[in-house]
*Asks:* 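Take this structure, written in structure tokens, and hold onto it; I'll ask about it next.
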Amino acid sequence: MPTSDATPRKPLWRKLLGVVSILVVLIALDVALTLALEPYGTCTDAIMHEYWEDTANGEQFDTLVIGTSVGQYSLNPHCMDNGLLDNAFCISTPIQSFKSSRMVLDTVLKDHPIRRVIVGTTFFSFASDVWPNSNMALTQSLCLGLPFPENAYRYAQLALDKNFVSGVKSLAFFVPFTLNHVDYSPSAVRSNIQRRIECATPMEAEELYDPTSIQLGNGFTSYAGAVNFETINENNLIFERLKYQDSNENNGEMEEFASLCALCQEKGIELIVFMSPKPVVETIGMGDLYPKTMKPIQDIVTSCGGTYLDFNLIKPDVYEPLPEEFWDEGHLNDVGAKRFSPVFAEVVSRIENNEDLSGLFYSYDQWDDYLSSIDTIAYVHFTPKPIEGGFLCEGEAFTGSNCQVEYAYERQEDDGSWTRVKDWSTDPNCTLLDNGYRTANVRIMARQVGAIDPELYRYQTVTFLGN
Amino acid sequence: MELLSLQFVLLLLASLAAYYSIGRTKPEAQWYVLLAASLAFYVLAGSWQTLLLLILTSADIWAGGLYLAHLDDQSKAERKATKDRKARKAIKERYDKRRWRAFWTSLVVPLLILGFFKYLNVILFNFGAAESPHSLGILLPLGISFYTFQSIGYLIDAYNAKYAPEQNYLRFLLFVSWFPQIIQGPIGRYDQLSGQLFAPRHADSYGMRRGLLRLGYGLFKKLTIANVLSHNVSQIFGNVTPGIPGSVVLYGVLVYSIQMYADFSGGIDIVEGVSELFGVEMAQNFRQPYFSVSLADFWRRWHMSLGSWMRDYIFYPIALTKPMQSFGKWAKKRLGTHAGRTLPACVANILVFLLVGIWHGADWHYVGWGLYNGIIVAVSDLLSPVFESLRTRLRVTDETRWFRAFAIVRTFCVVNVGRYFDCVSSLSDSFTCLRATLFNFAPVPFKTALALCKVDGAMLFGISRIALVACTVVAIISWHYERGTDVRERILSWNPLVRCCLYAVLAALMLYAFDFTANGGGGFLYANF
């Protein structure tokens with residue numbers, strides 16, 4: 001290895017000064033980039049800012065809502081007649097891992113006499129990325145209100161989290177904005193800086209950052225808008241099931257969840273875990289895997305003395321979410337939250353009154369009964385499989401066990417009109433042939449046998465690559 | 001633990017601190033730190049079970065090496081004690097046979113382990129005894145191909161009495177498990193590495209800065225080129241259909257070529273940089289391969305440690321066998337001197353490349369890849385007099401700049417044809433892609449074709465601008481290396497302010513590109529081999 005001994009040795013103080021100068025410049029750059037690129041006004045920012053402000057003002061909460069964003073989106077405390085959440089604060093944040101939920105609970109317990117914890121979650125929480133980027137944003141926001149030693153302790157905990165520290169995302173430990181940033185475009189950076197300058201609080205900034213958000217106070221937020229299930233991105237829906245099947249062996253979340261439940265039991269805190277309502281297709285799309293997966297979760301909760309509620313298996317005559325009540329593929333919108341919240345409050349009241357809930361929900365042992373109770377088509381789609389000269393579209397409808405379904409396919413012409421390529425039939429498949437190189441819009445339609453009009457549509461784009 | 005992770009950085013910092021601290025008080029014990037770090041790395045990145053395999057392989061080879069030396073000593077002693085020439089010859093023959101048996105007994109253990117983990121499932125699948133090439137769920141232990149080859153190289157050297165075998169098992173274990181090399185090589189040689197691993201060292205700030213620079217350069221290649229381009233490659237070759245436009249295939253092959261280089265050489269730069277921080281220089285693995293003037297030259301510049309391993313332990317032993325020598329003589333009589341000299345080498349080359357192909361993976365497309373490279377190298381060797389006379393007739397000398405440029409472009413094309421067998425997941429896909437390139441090149445405009453294959457055509461040639469900028473930087477640096485400039489030395493001699501500006505720009509590019517890594521993962525392509 002070539003060495004250079006031409007230059008005289010520098011004294012130690014000069015070396016140290018050099019190192020310190022470099023560190024100062026690096027830290028200054030890091031801070032500047034963080035201010036410019038880290039989004040100001042995210043929901044996590046807004047929630048935690050509100051929390052720290054309320055805590056500093058001496059406000060006290062006895063109920064804490066934690067978990068992922070499904071909990072945050074589905075509860076509106078103003079729509080509960082019994083005042084269930086009047087004295088509650090919601091720190092449910094996007095893709096919140098159970099380890100993070102526990103960290104939130106630990107933090108909140110230091111300032112508030114929490115007697116009830118409500119965990120809003122979904123089966124996806126047990127199968128998501130082992131270390132979602134949102135963990136970083138939550139840790140940062142949580143640390144903002146902590147005194148220095150605790151703050152450093154939290155960061156050290158993050159640095160030692162085995163799921164984080166062993167993966168490539170951990171390289172972002174000192175540059176966290178790389179995991180959570182605005183678009184790298186001058187206009188997005190300008191808007192971000194503008195929000196920092198002009199908005200007095202992150203809550204104010206959130207309204208600009210996400211115009212669909214409706215702040216309800218105490219961390220609760222609703223979102224306006226409705227998803228169109230005919231054109232949604234399926235990667236966020238059906239394929240969750242596949243993702244889950246791939247990773248359900250162990251991503252560590254079950255253990256973290258058990259530890260969270262045990263903490264509540266240890267502290268004498270009443271625990272309510274609820275599976276937030278999802279589109280029906282999410283439940284039946286998982287098939288038998290759904291009860292098989294959820295039963296152990298229920299067992300963990302009940303073994304810790306908590307209450308477990310799966311609102312996906314609530315009987316349709318009590319509550320049934322409508323497709324237009326979803327903001328996206330998995331979250332209720334403001335209308336959905338308004339309709340769901342009273343149901344949630346009513347169920348919790350019944351628990352408090354020691355009433356029997358078995359008439360309200362199907363149990364996991366009654367999975368077949370649940371399936372036979374569904375008398376509508378929840379969703380339809382097709383999977384195009386390449387064949388010589390085109391595709392074999394394999395259609396699939398998600399419905400109850402007693403429904404007979406018919407399918408038809410149509411293809412859109414250049415002038416926008418639709419041509420029937422396969423007429424109504426119980427055969428779900430259709431062959432689409434085209435020797436050209438083009439993309440084509442295709443829709444599958446589904447109806448129950450005997451019906452006249454299509455009950456559901458699903459639009460998909462197919463790419464033909466010649467022969 | 002991934003190589004690109006905070007955990008690795010922490011392990012590295014702790015190991016460096018311990019290594020140089022111990023160096024101040026007890027330099028002869030420094031290598032224990034390297035061993036501890038290597039084993040810790042192997043457990044954190046792999047598991048206890050895979051560590052046991054590593055220990056088993058290394059123990060077998062270490063014991064084999066010692067036993068071979070012991071037999072050699074015994075043979076010498078017995079021969080020395082005997083005056084009779086015939087008896088001495090008989091003793092030698094007897095011991096040679098014993099050494100041969102001992103050699104193969106020792107060799108069979110790592111080969112069986114490698115065969116079980118890497119090839120068994122595929123072999124069973126090809127004989128219809130398994131549902132798919134991965135149905136048995138056998139996971140490839142971390143770095144098994146690399147440490148197996150490294151160990152086998154040692155055993156062959158020990159058999160040939162190239163050097164005295166290592167007496168201390170722990171020292172041998174360090175040689176096999178030296179952590180920077182375990183994921184993707186380079187494949188080290190005992191005589192090159194051992195002296196460095198066990199020598200006492202003090203921290204050398206210049207050497208460490210050189211190491212850091214190399215590490216940073218590797219990281220730059222990995223984050224700003226390899227990880228950025230991987231999405232394009234998987235979009236194109238993830239689902240090859242019969243009608244895939246040839247223009248997209250060619251584009252995909254070129255992008256893959258760049259991605260593969262940035263990923264592999266970037267990874268090697270990272271681990272070489274890490275090793276240099278400890279003052280250990282591992283074998284060079286890349287020497288600007290895309291400046292090669294022939295395919296043979298390319299393989300002397302790409303994955304050099306595997307190439308030299310194959311040359312020393314496979315090529316020469318095959319080419320120098322008695323049947324090959326007889327074949328050479330036979331060819332010389334019938335086909336002339338040149339053929340007599342090159343034909344045995346041609347056969348050996350084809351076998352070597354076939355083996356290299358199989359080393360890359362137990363798939364038929366790797367067999368195709370190996371055969372392609374072997375045949376091209378063999379044929380060009382065989383036809384070299386024809387090319388020579390053609391150049392003479394055309395009055396072209398191969399020293400001119402233009403001819404060199406032509407040879408570089410020609411080699412790049414030849415290498416990339418080979419990539420058709422490498423970037424896909426089956427041999428039939430390779431032929432589909434070749435057919436598309438030759439007979440269905442542009443059925444639609446290129447931009448449309450990119451869009452159909454779901455590559456974002458809005459970007460320049462479907463490639464993110466960041467990758468283009470990074471490729472330009474790497475091309476400039478490679479060009480300087482090719483001209484013989486020690487780029488690292490040059491950069492370290494610059495004014496500190498200029499250096500800081502350079503580092504800041506490169507760091508900004510890496511931060512900008514980090515999304516691709518965070519979303520796509522930080523694994524290395526060669527870690528799969």
Side-chain angles (χ1 to χ4, degrees), chain A residues 1-7 9-10 15 18 21-22 25-26 29-30 33 37 129 131-133 136 158-181 183-184 385-391 434-439 461-467, chain B residues 1-10 44-45 204-207 209-211 219 223 227 239-245 248 276 279-281 436 440 443-445 448-449 451-454 466 486 488-489 492-493 496 500 503-504 507-508 510-515 517-523:
Chain A
M1 187 187 295
T3 53
S4 167
D5 49 10
T7 48
R9 285 178 71 88
K10 287 179 189 170
K15 280 186 187 171
S21 314
I22 290 169
V25 171
L26 286 177
L29 270 174
D30 197 8
L33 286 170
L37 298 169
D129 186 355
W131 201 88
N133 291 4
M136 180 65 91
L158 174 69
L160 296 175
D161 178 339
K162 72 175 189 321
N163 286 333
F164 172 67
V165 76
S166 62
V168 71
K169 287 179 187 174
S170 61
L171 291 182
F173 185 74
F174 295 108
V175 279
F177 62 85
T178 53
L179 292 182
N180 182 25
H181 59 80
D183 274 356
Y184 288 132
K385 301 222 165 132
I387 55 168
E388 188 78 28
F391 289 97
D434 193 324
N435 292 331
Y437 286 83
R438 62 178 64 89
T439 55
T461 304
V462 170
T463 303
F464 292 98
L465 281 178
N467 276 318
Chain B
M1 175 176 69
E2 293 186 37
L3 186 65
L4 300 183
S5 68
L6 188 58
Q7 195 172 26
F8 180 76
V9 174
L10 294 174
L44 289 169
D204 161 28
S205 78
Y206 181 73
R209 280 188 293 154
R210 278 180 68 87
L219 204 58
L223 297 186
N227 289 0
N239 187 20
V240 174
T241 56
I244 189 168
V248 173
E276 283 180 23
V280 177
E281 270 201 86
N440 189 29
V444 283
T448 313
L452 289 168
C453 292
K454 298 187 176 63
I466 189 128
D486 185 340
R488 286 191 283 169
E489 193 178 2
L492 288 173
S493 68
C500 281
Y503 298 158
M510 285 194 273
L511 293 176
Y512 182 77
F514 192 71
D515 271 347
T517 303
N519 297 328

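Letters go in sequence order (proteins before strands), and every chain restarts at 1.
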*Asks:* For the backbone of B:G243 and the side chain of A:Y437, can you confirm whether one donor and one acceptor N or O come within less than 3.5 Å of each other?
*Replies:* yes

*Asks:* Going by heavy atoms in the side chains, are A:T463 and B:K454 under 4.5 Å from each other?
*Replies:* yes

*Asks:* With the side chain counted from C-beta on, respond yes when A:T178 and B:D515 share a heavy-atom pair under 4.5 Å apart, and no when they do not.
*Replies:* no

*Asks:* Taking all atoms of both residues into account, what is the closest heavy-atom pair of A:V168 and B:T517, and its distance?
*Replies:* CG2-CG2, 3.3 Å

*Asks:* Heavy-atom distance under 4.5 Å to chain B: side chain of A:L29, backbone, both or neither?
*Replies:* neither

*Asks:* Within a strict 4.5 Å, meaning less than it, do heavy atoms of the B:T241 and A:P386 side chains meet?
*Replies:* yes

*Asks:* Restricting to non-hydrogen atoms, name the atom on B:A518 and the atom on A:L179 that form the minimum distance, rounded to 0.1 Å.
*Replies:* CB-CD2, 3.9 Å

*Asks:* Can you sort out the partners of B:N519 under side chain to side chain donor-acceptor pair (under 3.5 Å), two or more places apart, ordered by chain and number?
*Replies:* none

*Asks:* Between OG of B:S5 and NZ of A:K169, what distance do you get to the nearest 0.5 Å?
*Replies:* 13.5 Å

*Asks:* Quick one: OH on B:Y503 to CD1 on A:I22, what's the gap to the nearest 0.5 Å?
*Replies:* 9.5 Å

*Asks:* Are side-chain heavy atoms of A:V175 and B:L511 found at a separation under 4.5 Å?
*Replies:* yes

*Asks:* What is the distance from atom CG of A:L160 to atom CD of B:Q7, rounded to the nearest 0.5 Å?
*Replies:* 9.5 Å

*Asks:* Holding to side-chain contact (heavy atoms from CB on, under 4.5 Å), I want the full list of residues that pass it with A:D161, two or more places apart in sequence or in another chain.
*Replies:* A:K99, A:W131, A:N163, A:F164

*Asks:* Hey, is the main chain of B:M1 close enough, under 3.5 Å, to the side chain of A:S166 for a donor-acceptor pair?
*Replies:* no

*Asks:* Tell me, yes or no, whether the heavy-atom count around A:Y184 atom OH, taken from other residues, nucleotides or ligands under 6.0 Å, exceeds 12.
*Replies:* yes

